Chemist: 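Next up is a structure, given as structure tokens.
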Amino acid sequence: QVQLVESGGESVQPGGSLTLSCAASGSRLDYYVIGWFSQAPGREREGVASISKTTGATIYSNSVRGRFTISRDNAEDTVYLQMNDLKPEDTATYYCALDLSTIATLEDYEFDYWGRGTQVTVSS
């Protein structure tokens, strides 16, 4: 019913930039929140950023605030994560998730659907 497809993951040097995209499709997408989550091997999944399609409100984790920007294209049901000044600790699989709600959050249990992830590697 709801499908999420991430793209844009790549290997990049520290200080570089990358843009991830998440395309959502389904029959009940009038009101939703899209979140980006990261998970490195052996570590727990962490919330990165989220945006409400309805209100445009955004939330960022402390580690990415000022470096990453989340944005939306409502006409295409697509959400982007612009990642600037990338650091080695940003290396992880990044997942797009959708919450059938209107309030942005970084709580992963709130999200109903998940994409398969895209790999971001930051190294010299």
Side-chain angles (χ1 to χ4, degrees):
Q1 186 173 0
V2 176
Q3 183 176 186
L4 304 173
V5 179
E6 305 102 327
S7 62
E10 186 58 85
S11 295
V12 64
Q13 295 183 343
S17 298
L18 205 58
T19 300
L20 308 182
S21 64
C22 172
S25 61
S27 60
R28 303 185 67 180
L29 297 179
D30 291 334
Y31 310 100
Y32 66 83
V33 171
I34 290 288
W36 285 98
F37 296 83
S38 65
Q39 186 167 30
R43 305 188 68 176
E44 295 183 350
R45 185 168 58 201
E46 300 178 345
V48 176
S50 69
I51 185 168
S52 170
K53 175 185 177 182
T54 305
T55 69
T58 60
I59 298 177
Y60 296 94
S61 69
N62 291 333
S63 63
V64 309
R65 187 175 295 109
R67 297 189 297 123
F68 292 7
T69 302
I70 189 169
S71 61
R72 60 178 177 172
D73 183 340
N74 286 355
E76 298 181 359
D77 284 321
T78 302
V79 172
Y80 303 94
L81 184 67
Q82 182 180 346
M83 310 165 73
N84 297 324
D85 191 24
L86 284 161
K87 303 176 180 180
E89 52 264 40
D90 296 320
T91 296
T93 301
Y94 284 75
Y95 297 91
C96 173
L98 184 146
D99 172 25
L100 293 172
S101 182
T102 59
I103 303 174
T105 179
L106 291 180
E107 300 288 349
D108 58 359
Y109 63 81
E110 296 283 357
F111 290 82
D112 305 290
Y113 303 95
W114 294 80
R116 298 177 64 181
T118 185
Q119 179 66 39
V120 173
T121 301
V122 184
S123 66
S124 60

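The first residue in the sequence is number 1, and the count goes up from there. Computed from a predicted model, the values in this text were never measured in an experiment.
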Chemist: Going only through I, L, V, M, F, W and Y residues with side-chain contacts under 4.5 Å, is there a path from Ile51 to Leu4?
Modeler: yes
Chemist: Kindly work out whether a path of hydrophobic side-chain contacts (I/L/V/M/F/W/Y, heavy atoms less than 4.5 Å apart) joins Val64 to Leu86.
Modeler: yes
Chemist: Not counting sequence neighbours, list each pair that qualifies as a side chain to side chain donor-acceptor pair (under 3.5 Å) and has a residue in residues 47-62.
Modeler: Ser52-Thr55, Lys53-Asp77, Ser61-Ser63, Asn62-Arg65
Chemist: Provide the closest heavy-atom pair for Tyr95 versus Gly115 in the form atom of the first, atom of the second, distance.
Modeler: CD2-O, 3.6 Å
Chemist: Would you list the pairs meeting salt bridge (charged side-chain N to carboxylate O under 4.0 Å, His left out) in which at least one residue belongs to residues 107-124, sequence neighbours left out?
Modeler: Arg45-Asp108
Chemist: What heavy-atom pair brings Ile34 and Ile70 nearest, and what distance separates the two atoms?
Modeler: O-CD1, 4.0 Å
Chemist: Measure the spacing between CG of Leu81 and SG of Cys22 and express it to the nearest 0.5 Å.
Modeler: 10.5 Å
Chemist: For Thr118, what residues pass the side-chain hydrogen bond (donor to acceptor under 3.5 Å, both in side chains) criterion, not counting sequence neighbours?
Modeler: none
Chemist: Residues in side chain to side chain contact (heavy atoms under 4.5 Å, CB included) with Val120, at least two apart?
Modeler: Leu18, Leu20, Met83, Tyr94, Val122
Chemist: Please name the pair of heavy atoms, one in Val33 and one in Thr102, separated by the smallest distance, quoted to 0.1 Å.
Modeler: CG2-C, 3.9 Å
Chemist: Minimum heavy-atom separation for Ser38 to Ala92, with atom names?
Modeler: CB-CB, 3.8 Å
Chemist: Which pairs with one or both residues in residues 3-19 pass side chain to side chain donor-acceptor pair (under 3.5 Å), sequence neighbours excluded?
Modeler: Ser7-Ser21, Ser17-Asn84
Chemist: List for me each residue that meets side chain to side chain contact (heavy atoms under 4.5 Å, CB included) alongside Gln1, sequence neighbours excluded, and say none if there are none.
Modeler: Ser27, Arg28, Tyr113
Chemist: Hey, quick one: are Trp36 and Val2 part of the same hydrophobic cluster, counting side-chain heavy atoms closer than 4.5 Å, chains of contacts allowed?
Modeler: yes
Chemist: Got Phe111 and Phe37 here, is their nearest side-chain heavy-atom distance under 4.5 Å?
Modeler: yes
Chemist: State, with a plain yes or no, whether a side-chain heavy atom of Asp90 is found less than 4.5 Å away from one of Phe68.
Modeler: yes
Chemist: Could you report the tightest heavy-atom contact between Glu46 and Arg43, atom names first, then the distance?
Modeler: OE2-NH2, 4.2 Å
